[in-house]
Amino acid sequence: MTIELTVSGMSCGGCAASLQKALLAQSAVSQARVDFGSRKAVIESELSKGELIALIEAQGFNAE
């Protein structure tokens with residue numbers, strides 16, 4: 001399933017790249033695109049929205 005989340009707490013493109021890499025490292029995530037400019041994360045995953053938010057928050061960002 002594809003889930004789009006708004007991510008806050010990113011201060012630069014490097015933050016977005018770091019978060020995208022962390023998401024893609026999860027075996028249940030098949031695709032992830034994090035865009036710093038729009039503050040959006042589009043994730044293709046077997047995980048629930050809540051589980052994805054928990055993963056993002058574990059990286060030091062906020063998501064909704």
>> Return the CG to CD distance between Leu23 and Gln59, rounded to the nearest 0.5 Å.
In response: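 Going from CG on Leu23 over to CD on Gln59, the span is 7.5 Å.
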>> Measuring only between side-chain heavy atoms, which start at C-beta, is Leu47 closer than 4.5 Å to Leu55?
In response: yes
>> For a 4.5 angstrom cut-off between non-hydrogen side-chain atoms, does Leu52 reach Val29?
In response: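 Result yes, sub-4.5 Å side-chain heavy-atom pair found.
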>> Strictly by side chain to side chain donor-acceptor pair (under 3.5 Å), give each pair with a member in residues 8-28 just once, sequence neighbours left out.
In response: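 Listed once each, the pairs would be none.
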> Is there any side chain to side chain donor-acceptor pair (under 3.5 Å) pair reaching into residues 33-54, and which pairs are they, with sequence neighbours excluded?
Replying inline: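 Checked against side chain to side chain donor-acceptor pair (under 3.5 Å) - neighbours excluded - the pairs reaching residues 33-54 are Thr2-Glu44, Thr6-Lys40, Asp35-Ser38, Ser48-Glu51.
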>> Looking at Glu64, I'd like to know if its CD atom is crowded, meaning that more than 12 non-hydrogen atoms belonging to other residues, nucleotides or ligands lie closer than 6.0 Å.
In response: no
If every non-hydrogen atom of [X] is compared with every non-hydrogen atom of [Y], which pair is closest and at what distance?
{"X": "Ala32", "Y": "Leu24", "answer": "N-CD2, 3.5 Å"}
{"X": "Phe36", "Y": "Met10", "answer": "CE1-O, 3.4 Å"}
{"X": "Ala41", "Y": "Val7", "answer": "CB-CG2, 3.8 Å"}

